[in-house]
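Structure first, commentary second.
All values reported here derive from a predicted model rather than from experimental measurement. Below, chain A is the first sequence line, B the second, and so on; all start at residue 1. All heavy atoms count here, side chains included; hydrogens, waters and symmetry mates do not.
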Amino acid sequence: MAAVERKILTARMTQPGYSVRIEDYLAAGGYAALKKAMAMKPEAIRSEVTRSGLRGRGGAGFGTGLKWSLVDRKSGKPIYLICNADEAEPGTFKDRQIIHRDPHALIEGIVCASYANDVRTAYVYCRGEFAQGYKILLAAIEEARAKNFVGKNIFGSAYSLEIYVHRGAGAYICGEETGLIESLEGKRGYPRFKPPYFPAALGLWMCPTIVNNVETLANIPVIIQMGGAEFAHIGTPGNTGTRMVGVSGHVNKPGCYEVELGKITHGELINGLCGGVPGGRKVKAIIPGGSSAKSIRGDERFKGKKRDGTAYDWGWQDVPVDFDSLAMIGTMAGSGGVIVLDETADIPKAIANIAEFYAHESCGQCTPCREGSLWMAKALHRMTHGHGQKGDTDYLKSIADNIPGRTICPFGEACAWPVQSFVEKFRDDFVKLEK
Amino acid sequence: MPDNLTTPTPAAEMVNATINGIKVQAPKGANIIEAGERVGVFVPHYCYHKKLAISGICRMCLVEVGGPMRGPDDKPVLNPDGTPKIAMAPRLSIGCNTPVTEGMVIVTNSPAVKQAQNAVMEFFLINHPLDCPICDQAGECKLQEYSVEFGKDASRFREEKVHKPKQVDLGPRVMLDDERCILCSRCIRFMRDVAKDDCLGFVNRGSHTTLACWPGKKLAGNYSLNTVDLCPVGALTDKDFRFKMRVWFLKETKSICTSCATGCNTVIWSRENVVYRQTPRENDAVNQCWMCDAGRHNYKHINAASRLKKALVSGKEMGYADALKQLGPKLKAALADRASVAFVGSGRATNEELYLFSILAKGGVSDCVPRTWDGDNFLVNADRNPNGAGAKIFGVAAQPMGSKLTVIADGIKAGRIKTLIVHQEDVNRRGIGADLLAKLSLLVVVDFRPTETTKAAHFVLPGVTYAEKRGTFTNANGRVQRVWPAVSLGGEERSDWEIFRDLLRETGQPDRFGDIAALFADMAANVKPFAGLSLEKIGGGGVQISVT
């Protein structure tokens, strides 16, 4: 069976002639979910979302219903919703599809999620580099306001919601939810330590706060429309719904593809939807979930037992595109950015590039990440510029080993994992650089 | 008697835990670093400071933490021997931000912890200059200390270090070396939360992060130098002290600051009788860990070249004993008519000096010089006399202080007052000018430096500063605190109380004050607020007395 996309979130935007104007969204049935939601009790919406099994599309894959259930609703303080639109993980370009091509899907999601959680003020934290997306969002919100989908007394009800779009200043770390919150409060984007600063209890301005990814929120109207139980039938148990996957690198047809979770393998995605590797060359490495995910080697075999006891023996082609399968083989679905490197790729140069990114983006708070990220980048730069020294491979690996698990936020892991996995899996490529 | 240091705070709920197998009881809410201190287990740390908000960023205090396991029924899971089964957390936790809970098991010496400490130390040092011999912090640097204990013996860093500005002028008193800064943010948190002068922050990102003043601001407040104390490394230095002396040559002497009535507890750092700096000494009842910049730098007079090292008789230097021999009969004769003698004591004198002064001044008119400026609702008291409270207790000062200075001036002008005894004050600047002083038949001044008043004096007896003597001061809140001699000029100057003891003896009083302890005992026996006290009891932390 040829691999096919399952277009739910991308159904409208991929129609010829579809624009960001609210008329087009309404003509495609937009804001009907909001209307339906407003007739429901907020807790009913929350249980539908829980039932749907929706997992966060930002990176960690945390259950959205569970996240909402953790919000402190008895604090007497306002509850805030923040849409994390700080999509900056290298290789990831799915949220921008929604923002740029179907912004009302996001706005409807935000209003539905806000209503479900008794949120009166919502924020979109928009990546600083999304200058165009920022303008599109602002215009779309004004359109929605004119139709009374946003603002005071939505649909004539007692419920009012204000949405503010905040454009970041260009720091990757502000995609980390507590760093985002600090930034939104007007401070440096330094992630907060947890405990006690879990957003669900002590988030924005020390109030209970929900931080959800763009794609996650865009799924909320879908769940409301079809019901949680029906949504849970899309994909596979534990990995429900579709996922927008951005594929880049050595493929014939790079782009953003929406696939049903667990129903398609990486082979079908890359060789099928993406038209394979140029020139029929072999895949050397795949980074399956944004640049911080551990890499997969082209000739690697993964053997083990699934949770249900059935054995698996996979090459990269056989690994299903979903959260749990990738976790099972020691990496992650992450932000849904798949980067393909074929046999012509220079692995040390690729990781040098990634390491340079992380060194540039480390916020500088925690010592291991601040110093380690730049140290790795410098070592890799030196090695890939003809100045490798004996023992460099182990030297590099040991730097990476000293970072994860020792920092406030997951950036420590994000900068160390790719280096660890590349050195482990392509050791010879690095040893070759030693002189 | 109440004592803020030893009075226990209202019984805090205690929790039981173990650290490295040692049982520890800690107040609920205490963190692992504090709990460790209770049983002598040291958890290294840079960003954590007990008086500052937690930031949790240096990652030096990583430890292993576990707690009693609970089963699905929420009941404790037990080992076969009935002890609670402990589940250790998969990741290391930072000791500063982890409160000790009941049954917690903390391990600070496992291979995992040691490896983490070693790794964090290495991260700190890769971009830090390894030039301790030319760093001013050497000898009191936490990077140096922890490197020996937790670090590697050699660097394996093969790259070029990050270079940053070496001499950044943060304010009038503080210099920053950005390359030495380990970005612990203690200074930022101090200025923001304690000094309430939010002027510092980080700029740039990652390993290129640097400390900076906010645009348009300077690290210029009166508490700026506390950041130098807080800085665990050689990044922030005191412009007054930097590169003047290696700290290991310095002798530390407990003292108190005498620049105002707060009496911040201090340490005087001296070498070969020269004072090089003063730093705050912790006392929660007075100044916590802080002091103001003005007080800290107010020590230059101690080693001033102009100090009086000999007695002066009519302006001519003379040995102390000879001067005393000449002065004795004259003073005794003058004191026979108490109504003709006036006394100006000092709110800067110690309790012991004021006590002797009050005996000497009995029956005569006496007062002190008031010094009142703006206070700051933190450590700077509006009363700049360090012992105005003592001057009142002993009746040396009039009520209100300074109200009798005009009476004395008028008395001299009218010829009623013929003798004036002055301690450590330049009365010339306080309404008793040279013309009046010239009318006196006997002017005796005890002081440590020359003034217009000593110039006019018939007899000047050379006293000393607070850094050269023993004694006690009573601060604005009635806390009696001790000073100890840090330096000695080696001339004929002597502790002021010894001079007053000698004057009392010369004027026929029984000589009952052999040494400072005997003097204090005599004072405690005769002056009610000091009843029951001794120098030993006052110790380093001071004792609260009732001054009402």
Heavy-atom contact with chain A under 4.5 Å, split by part of [X]:
{"X": "Thr98(B)", "result": "neither"}
{"X": "Asn118(B)", "result": "neither"}
{"X": "Phe202(B)", "result": "both"}
{"X": "Ile182(B)", "result": "backbone"}

Check whether more than 12 heavy atoms from other residues, nucleotides or ligands sit under 6.0 Å from atom [atom1] of [X], and answer yes or no.
{"X": "Tyr197(A)", "atom1": "OH", "answer": "no"}
{"X": "Lys152(B)", "atom1": "NZ", "answer": "yes"}
{"X": "Lys349(A)", "atom1": "NZ", "answer": "no"}
{"X": "Lys28(B)", "atom1": "NZ", "answer": "no"}
{"X": "Lys50(B)", "atom1": "NZ", "answer": "no"}
{"X": "His381(A)", "atom1": "NE2", "answer": "no"}
{"X": "Gln144(B)", "atom1": "CD", "answer": "yes"}

Under a 4.5 Å cutoff for heavy-atom pairs, which residue among Gln115(B), His208(B), Met60(B) has the most contacts with chain A?
Gln115(B)
Scanning both residues in full, the closest heavy-atom pair of Gly170(A) with Arg205(B) reads O-NH1, 3.6 Å
Taking all atoms of both residues into account, what is the closest heavy-atom pair of Ala119(B) and Arg406(A), and its distance?
CB-NH1, 3.5 Å
Ionic contact status for Lys378(A) with Glu160(B), cut-off 4.0 Å:
no
Evaluate the criterion salt bridge (charged side-chain N to carboxylate O under 4.0 Å, His left out) for residue pair Glu371(A) and Lys161(B); output intermediate values, then yes/no.
CA-CA 10 Å; Glu371(A) 304 300 341; Lys161(B) 283 177 189 271; over 6 Å; no
Any chance you could measure [X], atom [atom1], to [Y], atom [atom2], to the nearest 0.5 Å?
{"X": "Arg158(B)", "Y": "His387(A)", "atom1": "CZ", "atom2": "NE2", "result": "14.0 Å"}
{"X": "Arg156(B)", "Y": "Ile399(A)", "atom1": "CZ", "atom2": "CD1", "result": "6.0 Å"}
{"X": "Glu159(B)", "Y": "Leu380(A)", "atom1": "CD", "atom2": "CG", "result": "9.0 Å"}

With Arg370(A) as the cation and Phe123(B) as the aromatic partner, state whether NZ or CZ is under 6.0 Å from the six-membered ring centre and within 45° of the axis.
no
Is any side-chain heavy atom of [X] less than 4.5 Å from a side-chain heavy atom of [Y]?
{"X": "Ser185(B)", "Y": "Gln365(A)", "value": "no"}
{"X": "Trp375(A)", "Y": "Glu122(B)", "value": "yes"}
{"X": "Arg59(B)", "Y": "Ile408(A)", "value": "yes"}
{"X": "Ile57(B)", "Y": "Tyr190(A)", "value": "no"}
{"X": "Phe193(A)", "Y": "Ile54(B)", "value": "yes"}

Tell me, for [X] versus chain B, whether the close heavy atoms (under 4.5 Å) come from the side chain, the backbone, both or neither.
{"X": "Cys366(A)", "result": "both"}
{"X": "Pro404(A)", "result": "neither"}
{"X": "Asp392(A)", "result": "both"}
{"X": "Leu374(A)", "result": "side chain"}
{"X": "Arg188(A)", "result": "side chain"}

Mark yes or no for whether Thr367(A), through its side chain, and Val120(B), through its backbone, hold a donor-acceptor pair below 3.5 Å.
no
Pick whichever of Gly405(A), Ala379(A), Gly364(A), Pro368(A) has the most heavy-atom pairs under 4.5 Å with chain B.
Pro368(A)
Select, from Asn402(A), Asp401(A), Ile173(A), the one with the greatest count of heavy-atom pairs under 4.5 Å involving chain B.
Asn402(A)
